[in-house]
Enquirer: 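Dropping a structure here in C-alpha coordinates format, bear with me for questions.
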Amino acid sequence: MLAFGIKQPNLQPEFLESILAYSPFSERWQRYAGVPNSQPSVQLAGCICPFPSEETANIMCRVLAYIGPEIPIESLLLEPENSLINQTLDPELHPLLQLAGWGFGAWGEHLLKPEQALLYRRPMAAFYDDNAKSFIPSLQASTMLAHVRAAAYNSNTVLADENCHPFSYKETPWIIAQNGALPNWRVLQKELLSHCKDKYLEQMRGTTDTEFLYVLLLSLLKGDSDEEVQQGFEDMLKLISEAMKKLDLAELTKLKIALVAPNRIIGVNYGLGHQGETEVAGDWKELRKSGHGTDDYALSMLLEPMYLLTGRNFQDYEKSYGIDVCSDDQATSAIFASEPLTENTDDWSRLEFGEIVMLEKKGESISRKVSKLNL
(Lines give C-alpha, C1' and ligand atoms only; values in the text may rest on other atoms or scores of the structure.)
Protein backbone atom coordinates (compact mmCIF):
# COMPACT_ATOMS: atom_id res chain seq x y z
CA MET A 1 0.00 0.00 0.00
CA LEU A 2 1.21 3.49 -0.85
CA ALA A 3 0.16 5.83 1.94
CA PHE A 4 0.03 9.61 2.09
CA GLY A 5 -2.27 10.82 4.83
CA ILE A 6 -6.08 10.81 4.64
CA LYS A 7 -7.56 7.71 3.04
CA GLN A 8 -9.22 8.31 -0.34
CA PRO A 9 -10.48 5.98 -3.09
CA ASN A 10 -7.89 3.93 -4.95
CA LEU A 11 -6.06 5.65 -7.78
CA GLN A 12 -6.64 4.22 -11.22
CA PRO A 13 -3.66 2.68 -13.02
CA GLU A 14 -3.95 5.37 -15.70
CA PHE A 15 -3.08 8.05 -13.12
CA LEU A 16 -0.03 6.15 -11.94
CA GLU A 17 1.02 5.50 -15.54
CA SER A 18 0.92 9.25 -16.17
CA ILE A 19 3.51 9.63 -13.40
CA LEU A 20 5.58 6.62 -14.31
CA ALA A 21 5.81 7.30 -18.01
CA TYR A 22 7.85 10.44 -17.45
CA SER A 23 10.02 9.18 -14.63
CA PRO A 24 13.70 8.55 -15.39
CA PHE A 25 13.36 5.48 -13.16
CA SER A 26 10.12 4.29 -14.75
CA GLU A 27 11.08 0.64 -15.18
CA ARG A 28 11.18 0.20 -11.43
CA TRP A 29 7.66 1.56 -11.01
CA GLN A 30 5.82 -0.27 -13.79
CA ARG A 31 4.67 -2.98 -11.43
CA TYR A 32 2.46 -0.41 -9.68
CA ALA A 33 0.34 0.23 -12.76
CA GLY A 34 -1.71 -1.98 -15.03
CA VAL A 35 -1.00 -5.21 -13.18
CA PRO A 36 -4.10 -7.23 -12.21
CA ASN A 37 -4.99 -7.16 -8.51
CA SER A 38 -2.20 -4.71 -7.74
CA GLN A 39 -3.91 -1.33 -7.75
CA PRO A 40 -2.36 0.52 -4.83
CA SER A 41 -4.54 1.83 -2.05
CA VAL A 42 -3.44 5.45 -1.67
CA GLN A 43 -3.98 7.87 1.19
CA LEU A 44 -3.94 11.49 0.09
CA ALA A 45 -3.38 14.63 2.11
CA GLY A 46 -6.78 16.08 1.29
CA CYS A 47 -6.35 16.43 -2.49
CA ILE A 48 -5.01 14.77 -5.60
CA CYS A 49 -1.51 16.14 -4.93
CA PRO A 50 -0.19 13.69 -2.34
CA PHE A 51 2.14 15.48 0.06
CA PRO A 52 1.86 14.67 3.77
CA SER A 53 1.83 17.72 6.01
CA GLU A 54 5.29 18.90 7.05
CA GLU A 55 3.88 20.15 10.33
CA THR A 56 2.53 16.88 11.65
CA ALA A 57 4.16 14.18 13.70
CA ASN A 58 3.15 11.51 11.18
CA ILE A 59 5.23 12.68 8.23
CA MET A 60 8.21 10.64 7.12
CA CYS A 61 10.97 12.48 5.34
CA ARG A 62 14.13 10.48 4.76
CA VAL A 63 17.75 11.31 5.53
CA LEU A 64 20.98 9.67 4.34
CA ALA A 65 24.51 10.75 5.33
CA TYR A 66 27.84 9.21 4.32
CA ILE A 67 31.51 9.65 5.21
CA GLY A 68 34.36 7.49 3.95
CA PRO A 69 36.56 7.05 0.89
CA GLU A 70 35.60 9.17 -2.09
CA ILE A 71 33.09 7.18 -4.15
CA PRO A 72 30.65 7.90 -7.01
CA ILE A 73 27.56 9.63 -5.65
CA GLU A 74 25.40 7.42 -7.87
CA SER A 75 26.41 4.46 -5.69
CA LEU A 76 24.67 6.23 -2.80
CA LEU A 77 21.69 7.85 -4.52
CA LEU A 78 20.87 5.99 -7.74
CA GLU A 79 22.19 2.45 -8.05
CA PRO A 80 21.04 0.56 -4.92
CA GLU A 81 17.61 -1.03 -5.29
CA ASN A 82 16.70 0.56 -1.96
CA SER A 83 18.35 3.90 -2.79
CA LEU A 84 17.07 7.13 -1.32
CA ILE A 85 15.67 8.21 -4.69
CA ASN A 86 13.95 4.87 -5.33
CA GLN A 87 12.31 5.04 -1.92
CA THR A 88 10.43 8.20 -2.84
CA LEU A 89 8.01 5.98 -4.78
CA ASP A 90 8.85 2.50 -3.52
CA PRO A 91 9.41 2.82 0.24
CA GLU A 92 10.54 -0.24 2.17
CA LEU A 93 9.97 0.42 5.88
CA HIS A 94 7.52 3.35 5.82
CA PRO A 95 4.60 3.56 3.36
CA LEU A 96 4.51 7.38 3.16
CA LEU A 97 5.97 8.86 -0.02
CA GLN A 98 8.19 11.93 -0.27
CA LEU A 99 7.11 13.87 -3.35
CA ALA A 100 7.69 17.48 -2.23
CA GLY A 101 11.34 17.78 -3.17
CA TRP A 102 14.79 16.44 -2.58
CA GLY A 103 18.40 17.48 -2.44
CA PHE A 104 21.92 16.69 -1.39
CA GLY A 105 25.11 18.39 -0.28
CA ALA A 106 28.53 16.86 -0.91
CA TRP A 107 32.24 17.42 -0.47
CA GLY A 108 34.92 15.70 -2.52
CA GLU A 109 38.60 16.11 -3.35
CA HIS A 110 37.87 16.12 -7.08
CA LEU A 111 35.34 18.95 -6.98
CA LEU A 112 36.69 22.29 -8.24
CA LYS A 113 35.96 23.82 -4.82
CA PRO A 114 36.55 20.88 -2.46
CA GLU A 115 36.32 23.05 0.64
CA GLN A 116 32.72 24.06 -0.20
CA ALA A 117 29.62 21.90 -0.14
CA LEU A 118 28.20 21.22 -3.59
CA LEU A 119 24.49 21.83 -3.01
CA TYR A 120 21.69 20.55 -5.25
CA ARG A 121 17.97 20.94 -4.41
CA ARG A 122 14.80 20.62 -6.46
CA PRO A 123 11.13 20.96 -5.38
CA MET A 124 9.88 17.83 -7.11
CA ALA A 125 9.78 14.11 -6.51
CA ALA A 126 13.31 12.75 -6.76
CA PHE A 127 12.29 9.93 -9.12
CA TYR A 128 10.78 12.57 -11.43
CA ASP A 129 13.93 14.71 -11.61
CA ASP A 130 15.33 14.12 -15.09
CA ASN A 131 18.59 15.83 -14.12
CA ALA A 132 19.48 13.12 -11.63
CA LYS A 133 20.69 10.48 -14.10
CA SER A 134 22.52 13.02 -16.24
CA PHE A 135 24.84 14.75 -13.78
CA ILE A 136 25.04 12.58 -10.63
CA PRO A 137 27.16 9.89 -12.38
CA SER A 138 29.81 12.57 -12.96
CA LEU A 139 30.23 13.31 -9.25
CA GLN A 140 32.22 11.75 -6.42
CA ALA A 141 32.11 12.51 -2.71
CA SER A 142 33.78 11.57 0.53
CA THR A 143 31.09 13.32 2.60
CA MET A 144 27.42 13.56 1.61
CA LEU A 145 24.06 14.46 3.12
CA ALA A 146 20.87 13.74 1.15
CA HIS A 147 17.18 14.20 1.94
CA VAL A 148 13.77 13.58 0.39
CA ARG A 149 10.94 15.80 1.58
CA ALA A 150 7.31 15.16 2.47
CA ALA A 151 4.97 18.16 2.81
CA ALA A 152 1.31 19.08 2.51
CA TYR A 153 -0.14 20.39 -0.71
CA ASN A 154 -2.04 23.35 0.69
CA SER A 155 -1.86 27.12 1.00
CA ASN A 156 0.65 26.90 3.86
CA THR A 157 3.23 24.92 1.90
CA VAL A 158 5.66 26.44 -0.55
CA LEU A 159 7.31 23.98 -2.92
CA ALA A 160 10.51 25.75 -3.88
CA ASP A 161 14.25 25.13 -4.04
CA GLU A 162 14.84 27.15 -0.89
CA ASN A 163 12.52 24.88 1.10
CA CYS A 164 14.31 21.65 0.17
CA HIS A 165 16.94 20.14 2.43
CA PRO A 166 19.82 20.21 3.12
CA PHE A 167 20.34 23.82 4.19
CA SER A 168 23.75 25.44 3.91
CA TYR A 169 24.90 28.86 5.15
CA LYS A 170 28.05 30.93 5.00
CA GLU A 171 30.25 31.28 8.09
CA THR A 172 29.66 27.68 9.21
CA PRO A 173 31.03 24.30 8.09
CA TRP A 174 27.70 22.59 8.88
CA ILE A 175 24.79 21.67 6.63
CA ILE A 176 21.55 20.21 8.00
CA ALA A 177 18.60 17.98 7.09
CA GLN A 178 15.96 16.35 9.25
CA ASN A 179 13.04 13.97 9.43
CA GLY A 180 10.70 15.77 11.79
CA ALA A 181 8.77 18.93 12.49
CA LEU A 182 8.55 21.79 14.97
CA PRO A 183 4.80 22.51 15.36
CA ASN A 184 3.69 26.13 15.68
CA TRP A 185 7.21 27.26 14.91
CA ARG A 186 6.11 30.60 13.53
CA VAL A 187 4.42 31.53 16.80
CA LEU A 188 7.26 30.09 18.87
CA GLN A 189 9.56 32.62 17.19
CA LYS A 190 8.13 35.19 19.61
CA GLU A 191 10.28 33.54 22.28
CA LEU A 192 13.08 32.06 20.18
CA LEU A 193 14.14 34.88 17.85
CA SER A 194 16.02 36.66 20.63
CA HIS A 195 18.43 33.71 20.67
CA CYS A 196 19.12 33.90 16.92
CA LYS A 197 22.12 35.73 15.51
CA ASP A 198 21.60 38.26 12.74
CA LYS A 199 24.33 36.75 10.54
CA TYR A 200 22.26 33.57 10.24
CA LEU A 201 18.78 35.15 10.17
CA GLU A 202 19.89 37.29 7.24
CA GLN A 203 20.63 34.15 5.23
CA MET A 204 17.23 32.54 5.80
CA ARG A 205 15.43 32.30 2.45
CA GLY A 206 12.78 29.61 2.90
CA THR A 207 9.61 29.11 4.92
CA THR A 208 10.31 25.83 6.73
CA ASP A 209 10.68 24.91 10.37
CA THR A 210 13.91 23.04 9.60
CA GLU A 211 15.65 26.13 8.29
CA PHE A 212 14.59 28.08 11.36
CA LEU A 213 15.94 25.27 13.57
CA TYR A 214 19.20 25.54 11.60
CA VAL A 215 19.39 29.26 12.37
CA LEU A 216 18.64 28.66 16.05
CA LEU A 217 21.15 25.82 16.41
CA LEU A 218 23.97 27.68 14.65
CA SER A 219 23.29 30.68 16.89
CA LEU A 220 23.60 28.54 20.01
CA LEU A 221 26.84 26.79 19.02
CA LYS A 222 29.87 28.04 20.94
CA GLY A 223 32.21 26.02 18.75
CA ASP A 224 32.38 22.99 16.47
CA SER A 225 33.77 20.34 18.82
CA ASP A 226 31.62 17.28 19.58
CA GLU A 227 31.01 18.54 23.11
CA GLU A 228 30.02 22.02 21.96
CA VAL A 229 27.68 20.67 19.28
CA GLN A 230 26.00 18.34 21.78
CA GLN A 231 25.55 21.26 24.16
CA GLY A 232 24.01 23.28 21.35
CA PHE A 233 21.42 20.59 20.62
CA GLU A 234 20.60 20.24 24.31
CA ASP A 235 20.20 24.00 24.72
CA MET A 236 17.99 24.22 21.64
CA LEU A 237 15.47 21.65 22.85
CA LYS A 238 15.35 23.25 26.30
CA LEU A 239 14.59 26.64 24.73
CA ILE A 240 11.87 25.11 22.54
CA SER A 241 10.30 23.37 25.54
CA GLU A 242 10.34 26.57 27.59
CA ALA A 243 8.81 28.57 24.72
CA MET A 244 6.03 26.01 24.28
CA LYS A 245 5.19 26.12 27.97
CA LYS A 246 5.22 29.91 28.10
CA LEU A 247 2.95 30.22 25.04
CA ASP A 248 0.77 27.24 26.02
CA LEU A 249 1.69 25.43 22.80
CA ALA A 250 3.02 22.13 24.13
CA GLU A 251 2.83 19.50 21.40
CA LEU A 252 4.62 16.38 20.25
CA THR A 253 7.83 17.44 18.50
CA LYS A 254 9.87 14.95 16.47
CA LEU A 255 13.43 16.05 15.66
CA LYS A 256 15.60 13.47 13.90
CA ILE A 257 18.48 15.54 12.58
CA ALA A 258 21.65 15.03 10.57
CA LEU A 259 24.25 17.78 10.92
CA VAL A 260 27.14 17.26 8.50
CA ALA A 261 30.51 18.90 7.82
CA PRO A 262 33.51 17.60 5.85
CA ASN A 263 34.39 14.14 7.23
CA ARG A 264 31.89 14.50 10.10
CA ILE A 265 28.32 13.42 10.81
CA ILE A 266 26.39 14.41 13.93
CA GLY A 267 23.13 12.45 14.23
CA VAL A 268 20.48 13.38 16.77
CA ASN A 269 17.28 11.53 17.68
CA TYR A 270 15.22 13.51 20.18
CA GLY A 271 12.13 15.64 20.72
CA LEU A 272 9.17 16.26 23.03
CA GLY A 273 6.12 14.21 23.97
CA HIS A 274 2.47 15.19 23.57
CA GLN A 275 2.64 17.39 26.69
CA GLY A 276 6.00 18.88 25.80
CA GLU A 277 7.92 16.50 28.07
CA THR A 278 11.49 15.41 27.33
CA GLU A 279 11.20 12.09 29.16
CA VAL A 280 9.19 9.94 26.75
CA ALA A 281 8.93 6.15 26.96
CA GLY A 282 7.17 3.33 25.13
CA ASP A 283 7.63 0.47 22.70
CA TRP A 284 7.55 2.15 19.30
CA LYS A 285 6.72 -1.08 17.48
CA GLU A 286 3.69 -1.75 19.69
CA LEU A 287 2.56 1.87 19.49
CA ARG A 288 2.77 1.70 15.68
CA LYS A 289 0.01 -0.93 15.66
CA SER A 290 -2.54 1.71 16.74
CA GLY A 291 -2.78 2.92 13.15
CA HIS A 292 -1.97 6.06 11.21
CA GLY A 293 -3.45 9.27 12.59
CA THR A 294 -3.61 8.24 16.27
CA ASP A 295 -1.66 9.79 19.14
CA ASP A 296 0.09 6.48 19.76
CA TYR A 297 1.15 6.25 16.13
CA ALA A 298 2.63 9.75 16.34
CA LEU A 299 4.41 8.73 19.54
CA SER A 300 5.84 5.68 17.77
CA MET A 301 7.27 7.93 15.06
CA LEU A 302 8.93 10.02 17.78
CA LEU A 303 10.43 7.02 19.58
CA GLU A 304 11.57 5.15 16.47
CA PRO A 305 15.37 4.83 16.21
CA MET A 306 17.69 6.16 13.53
CA TYR A 307 20.27 3.77 12.09
CA LEU A 308 24.05 3.51 11.66
CA LEU A 309 26.16 1.28 9.45
CA THR A 310 29.96 1.22 9.72
CA GLY A 311 32.48 -1.02 8.03
CA ARG A 312 34.93 -1.40 5.16
CA ASN A 313 34.96 -1.80 1.36
CA PHE A 314 31.60 -0.16 0.67
CA GLN A 315 32.82 0.53 -2.87
CA ASP A 316 33.12 -3.23 -3.57
CA TYR A 317 29.36 -3.83 -3.28
CA GLU A 318 27.80 -2.68 -6.54
CA LYS A 319 24.21 -1.46 -6.56
CA SER A 320 23.69 -1.98 -2.84
CA TYR A 321 24.51 -0.53 0.57
CA GLY A 322 26.48 -3.65 1.42
CA ILE A 323 29.64 -3.33 3.47
CA ASP A 324 32.20 -5.55 5.18
CA VAL A 325 31.18 -5.31 8.82
CA CYS A 326 34.14 -4.95 11.17
CA SER A 327 35.11 -3.50 14.52
CA ASP A 328 34.97 0.26 14.93
CA ASP A 329 38.74 0.61 14.92
CA GLN A 330 38.90 -1.00 11.44
CA ALA A 331 35.93 0.81 9.85
CA THR A 332 36.63 3.18 6.95
CA SER A 333 33.03 4.16 5.99
CA ALA A 334 29.87 5.14 7.83
CA ILE A 335 26.23 5.68 6.86
CA PHE A 336 23.61 7.41 9.01
CA ALA A 337 20.02 6.92 7.81
CA SER A 338 16.35 7.07 8.71
CA GLU A 339 16.05 3.30 8.31
CA PRO A 340 18.18 0.22 7.53
CA LEU A 341 18.96 0.08 3.83
CA THR A 342 20.09 -3.54 3.50
CA GLU A 343 18.23 -6.83 3.85
CA ASN A 344 20.44 -7.88 6.75
CA THR A 345 19.27 -5.31 9.29
CA ASP A 346 21.40 -6.95 12.00
CA ASP A 347 24.42 -5.14 10.57
CA TRP A 348 22.89 -1.78 11.53
CA SER A 349 23.27 -0.14 14.92
CA ARG A 350 20.39 1.86 16.38
CA LEU A 351 20.47 5.43 17.55
CA GLU A 352 17.70 5.35 20.14
CA PHE A 353 15.45 8.23 21.14
CA GLY A 354 17.33 10.69 23.33
CA GLU A 355 20.75 9.85 21.87
CA ILE A 356 23.37 11.64 19.78
CA VAL A 357 26.09 10.06 17.64
CA MET A 358 29.34 11.67 16.52
CA LEU A 359 30.97 10.07 13.47
CA GLU A 360 34.25 11.36 12.13
CA LYS A 361 36.70 10.25 9.46
CA LYS A 362 40.27 10.61 10.70
CA GLY A 363 42.75 9.55 8.04
CA GLU A 364 41.35 6.27 6.76
CA SER A 365 39.54 5.37 9.99
CA ILE A 366 36.07 6.18 11.32
CA SER A 367 35.50 7.09 14.95
CA ARG A 368 32.09 6.66 16.53
CA LYS A 369 30.78 8.00 19.83
CA VAL A 370 27.18 7.60 21.02
CA SER A 371 25.99 9.58 24.04
CA LYS A 372 22.76 10.12 25.96
CA LEU A 373 21.58 13.70 25.65
CA ASN A 374 21.29 15.65 28.90
CA LEU A 375 17.72 16.91 28.75
Side-chain angles (χ1 to χ4, degrees), residues 63-70 76 105-107 117 141-147 166 172-180 213-214 217-218 220-238 254-271 278-280 284 302-314 321 323-342 345-375:
V63 172
L64 172 68
Y66 166 84
I67 54 173
E70 188 165 289
L76 292 165
W107 289 267
S142 55
T143 304
M144 191 201 72
L145 172 61
H147 180 272
T172 178
W174 301 105
I175 64 176
I176 197 172
Q178 78 148 337
N179 164 29
L213 287 169
Y214 183 44
L217 176 63
L218 292 179
L220 294 172
L221 292 182
K222 297 177 181 178
D224 297 320
S225 70
D226 289 347
E227 294 75 18
E228 289 167 323
V229 173
Q230 178 171 340
Q231 186 65 55
F233 274 108
E234 292 170 350
D235 291 344
M236 183 170 72
L237 191 65
K238 290 173 184 176
K254 181 183 73 173
L255 303 175
K256 299 179 184 290
I257 298 173
L259 188 71
V260 175
N263 299 314
R264 294 177 70 189
I265 299 171
I266 308 291
V268 176
N269 183 8
Y270 73 163
T278 57
E279 294 293 330
V280 186
W284 71 271
L302 173 68
L303 294 172
E304 184 174 5
M306 300 283 281
Y307 293 87
L308 307 163
L309 180 66
T310 57
R312 302 175 61 86
N313 302 322
F314 177 82
Y321 292 106
I323 201 167
D324 290 339
V325 178
C326 60
S327 59
D328 283 351
D329 61 339
Q330 294 183 324
T332 59
S333 302
I335 291 176
F336 177 65
S338 303
E339 61 196 87
L341 298 172
T342 60
T345 59
D346 292 339
D347 292 341
W348 293 76
S349 302
R350 293 186 177 188
L351 184 71
E352 302 292 351
F353 179 77
E355 292 182 342
I356 182 171
V357 62
M358 293 86 164
L359 298 162
E360 185 171 2
K361 180 187 175 188
K362 297 178 179 179
E364 295 184 356
S365 300
I366 299 291
S367 66
R368 172 172 62 171
K369 178 184 177 183
V370 177
S371 302
K372 190 74 175 177
L373 288 159
N374 181 20
L375 303 172

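Residues: numbered from 1 along the sequence shown.
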Enquirer: Could you measure the distance from the CG atom of D324 to the CG atom of D347? Nearest 0.5 Å is fine.
Expert: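 Atom-to-atom, D324:CG and D347:CG are 10.0 Å apart.
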Enquirer: So which heavy atom on S371 is nearest to which on Q230, and how close?
Expert: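 Closest approach of S371 to Q230: CB-OE1, 3.9 Å.
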Enquirer: Give me the ring orientation class for Y66 and F314: parallel if the planes are under 30° apart, tilted from 30 to 60°, perpendicular past 60°.
Expert: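 Answer is tilted, since the angle falls between 30° and 60°.
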Enquirer: Drop me the distance from I323's CD1 to T342's OG1, to the nearest 0.5 angstrom.
Expert: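 That separation rounds to 9.5 Å.
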Enquirer: For S333 and P69, work out which heavy atoms get closest and say how close.
Expert: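 Nearest heavy atoms, S333 then P69: OG-CD, 3.2 Å.
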Enquirer: If you count every heavy atom of other residues, nucleotides or ligands that lies below 6.0 Å from E364 atom CD, does the total exceed 12?
Expert: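 Not more than 12 within 6.0 Å, no.
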Enquirer: Can you find a pair of side-chain heavy atoms, one from L341 and one from L64, that are under 4.5 Å apart?
Expert: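 In contact.
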Enquirer: State which residues pass side-chain contact (heavy atoms from CB on, under 4.5 Å) with S365; sequence neighbours excluded, sorted by chain then number.
Expert: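 S365: no side-chain contact (heavy atoms from CB on, under 4.5 Å) contacts found.
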Enquirer: Would you say the side chain of I335 lies within less than 4.5 Å of the side chain of W348, judging by non-hydrogen atoms?
Expert: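 Yes, close enough: below the 4.5 Å cut-off.
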Enquirer: Between G354 and K372, what is the shortest heavy-atom contact and its length?
Expert: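 So the minimum-distance heavy-atom pair works out to O-CD, 3.6 Å.
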Enquirer: Working to the nearest 0.5 Å, report the span between OG1 of T332 and CD1 of I366.
Expert: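 Spacing of OG1 (T332) from CD1 (I366) equals 7.0 Å.
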Enquirer: Taking it one step at a time, do L308 and L359 satisfy side-chain contact (heavy atoms from CB on, under 4.5 Å)?
Expert: CA-CA 10 Å; L308 307 163; L359 298 162; 4.0 Å; yes
Enquirer: Report the residue from K254, H147, E339 that forms a side-chain hydrogen bond (donor to acceptor under 3.5 Å, both in side chains) with N179.
Expert: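 Exactly one option meets the side-chain hydrogen bond (donor to acceptor under 3.5 Å, both in side chains) with N179, and it is K254.
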Enquirer: Can you see which heavy atom on G68 is nearest to which on K361, and at what distance?
Expert: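 Heavy atoms of G68 and K361 come nearest at O-NZ, 3.2 Å.
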Enquirer: State, yes or no, whether a side-chain contact exists between R368 and V357 at a heavy-atom distance under 4.5 Å.
Expert: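 R368 vs V357: side chains touch.
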Enquirer: Taking the side chain as every heavy atom from C-beta outward, state whether W107 and I175 have any pair of such atoms under 4.5 Å apart.
Expert: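 With C-beta onward as the side chain, the pair touches.
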Enquirer: So does K238 have more than 12 non-hydrogen atoms from other groups sitting under 6.0 Å from NZ?
Expert: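 Atom NZ in K238 is crowded, with more than 12 foreign heavy atoms closer than 6.0 Å.
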Enquirer: Donor-acceptor pair, Y270 side chain versus F233 backbone, under 3.5 Å?
Expert: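 Flag set: sc Y270 to bb F233 pair under 3.5 Å.
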Enquirer: Drop me the distance from E228's CD to K222's NZ, to the nearest 0.5 angstrom.
Expert: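 Here the interatomic distance stands at 9.0 Å.
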Enquirer: Could you give the distance from OG (S338) to OH (Y307), rounded to the nearest 0.5 Å?
Expert: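 Answer rounded to 0.5 Å: 10.5 Å.
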Enquirer: With rounding to the nearest 0.5 Å, note down the distance linking CD in E234 to CG in L220.
Expert: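 The CG atom of L220 is 11.5 Å from CD of E234, to the nearest 0.5 Å.
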Enquirer: Distance only, no hydrogens: is a donor on one side chain within 3.5 Å (strictly under) of an acceptor on the other, for E227 and Q231?
Expert: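 Result is no, nothing qualifies.
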Enquirer: If I compare all heavy atoms of F353 with all of G271, which pair ends up nearest, and what's the gap?
Expert: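 Distance-wise, the nearest heavy atoms are CE1-N, 3.4 Å.
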Enquirer: Output side-chain donor-acceptor pairs under 3.5 Å for residues 255-269, partner residues at least two apart or in another chain, one line each.
Expert:
| unit_1 | atom_1 | unit_2 | atom_2 | d |
| --- | --- | --- | --- | --- |
| K256 | NZ | N269 | OD1 | 2.6 |
| K256 | NZ | L302 | O | 2.9 |
| K256 | NZ | E304 | O | 2.5 |
| R264 | NH1 | D224 | O | 2.8 |
| R264 | NH2 | D224 | O | 2.8 |
| R264 | NH2 | D226 | OD1 | 2.9 |
| N269 | ND2 | E304 | O | 3.1 |
| N269 | ND2 | L351 | O | 2.9 |

Enquirer: Which heavy atom in A177 sits nearest to a heavy atom in L145, and how many Å separate them?
Expert: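 Residues A177 and L145, closest heavy atoms: N-CD2, 3.8 Å.
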